[in-house]
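Okay, structure first, notes after.
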Amino acid sequence: MKADPHHRRGNGGPKLNRARDLLVFGLTFFKEPAMLGSVIPSSRFLVRRALREVDWSQARVVVEYGPGVGTFTGELLKRMTPDAKLLAFETQDDFVRHLQDEIPDPRLEVVHDSAGAAARVLEERGAGPADYVLSGIPFSLMPPDERDAILQNTREMLAPNGTFLVYQFSPTIKKPLQKAFGRVDSEFESRNIPPARVYRCRP
Ligand SMILES: C[S@@+](CC[C@H](N)C(=O)[O-])C[C@H]1O[C@@H](n2cnc3c(N)ncnc32)[C@H](O)[C@@H]1O
């Protein structure tokens with residue numbers, strides 16, 4: 001059988017992978033609740049809603065902020081073309097290790113650093129601009145200066161036709177997004193714990 005580089009390493013099939021993800025996520029939530037903002041990973045409904053307008057043929061450089069246990073990461077990789085690249089920025093050690101162990105895909109690079117470092121890292125690697133940036137980090141629990149710096153850097157590292165996709169549980173992010181980006185649309189997804197809103201922001 002041909003090796004599938006996009007497949008997860010975990011033994012025991014999708015149910016066991018999901019159980020492992022829930023356990024790692026839940027344990028990390030109890031250590032760092034404010035960094036996670038939610039006790040369980042995103043639902044498949046939220047994933048589909050957030051990704052449904054992405055033009056995968058144009059998604060050559062994709063950046064993810066806050067991949068956690070890889071709920072979106074795996075779905076991004078399934079849809080990305082073979083020559084696309086995904087840089088995922090995660091601050092929690094346990095998640096970084098989990099992603100590196102469970103998703104052995106050569107297109108994925110897990111960066112153990114804050115989303116605030118993304119613009120610098122892309123520039124250092126000559127990897128930018130980004131066609132899509134996807135963020136699940138809890139902006140509403142962050143100091144406003146840090147949040148605004150991340151939004152500004154994200155706008156600067158996006159390609160002119162790029163999109164910043166943000167999923168959030170709190171609506172307080174709407175105004176800062178509108179301040180940083182030219183166009184912001186949003187959609188609500190109730191089938192997630194907690195229910196969430198997806199914002200699509202363009203420069
Ligand atoms: C709500 S969880 C989302 C996890 C996952 N993407 C999902 O949809 O299930 C937020 C994630 O953002 C990470 N995080 C929080 N602040 C961050 C930052 N400044 N830079 C990168 N990751 C961050 C947390 O460790 C956590 O993995």
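Atoms within a ligand are numbered from 1 in the order they appear, just like the ligands themselves.
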Nearest non-hydrogen protein atom, atom 10 (C) of ligand 1: Gly136 O, 3.3 Å
Arg60 side chain to Ala130 backbone, donor-acceptor under 3.5 Å: no
Minimum-distance pair of heavy atoms, taken over all atoms of Gln58 and Asp131: O-CG, 3.2 Å
Distance-only N or O hit between ligand 1 and Tyr65, under 3.5 Å: no
Where at least one partner belongs to residues 118-165, residue pairs that pass ring-ring contact (aromatic ring centres under 6.0 Å, His included), sequence neighbours excluded: Phe164-Phe181
Between Glu64 and Thr73, a side-chain donor and acceptor under 3.5 Å: yes
Protein contact of atom 27 (O) of ligand 1 - nearest heavy atom, named by residue and atom, plus distance: Glu90 OE1, 2.8 Å
Where ligand 1 meets Gln92 - atom numbers and elements under 4.0 angstrom, heavy-atom basis: 25 (O)
Protein contact of atom 4 (C) of ligand 1 - nearest heavy atom, named by residue and atom, plus distance: Gly66 O, 3.5 Å
Close N or O approach (Ala115, ligand 1; < 3.5 Å): yes
Test of proximity, Glu146 against ligand 1: N or O pairs below 3.5 Å: no
Shortest protein contact, atom 21 (C) of ligand 1 (heavy atom only): Phe89 O, 3.4 Å
Distance-minimising heavy-atom pair for Cys201 and Val166: SG-CG2, 4.5 Å
Salt bridge present between Lys179 and Asp148 (N-O < 4.0 angstrom): no
Side chain, backbone, both or neither: the part of Thr91 lying under 4.0 Å from ligand 1 by heavy atom: both
Atom 19 (N) of ligand 1 [closest protein heavy-atom partner, distance rounded to 0.1 Å]: Ser114 OG, 3.2 Å
Protein heavy atom at shortest distance from atom 23 (C) of ligand 1: Ile137 CG2, 3.3 Å
Contact partition for Pro67 relative to ligand 1, non-hydrogen atoms under 4.0 Å: backbone
Which segment of Tyr167 sits under 4.0 Å of ligand 1 when only heavy atoms are counted: side chain
Co-membership, hydrophobic cluster, residues Leu134 and Tyr65, 4.5 Å side-chain: no
Taking atom 2 (S) of ligand 1 as the reference point, the nearest protein heavy atom with its distance: Leu36 O, 3.3 Å
Closest protein heavy atom (residue, atom, distance) for atom 8 (O) of ligand 1: Ser42 OG, 2.5 Å
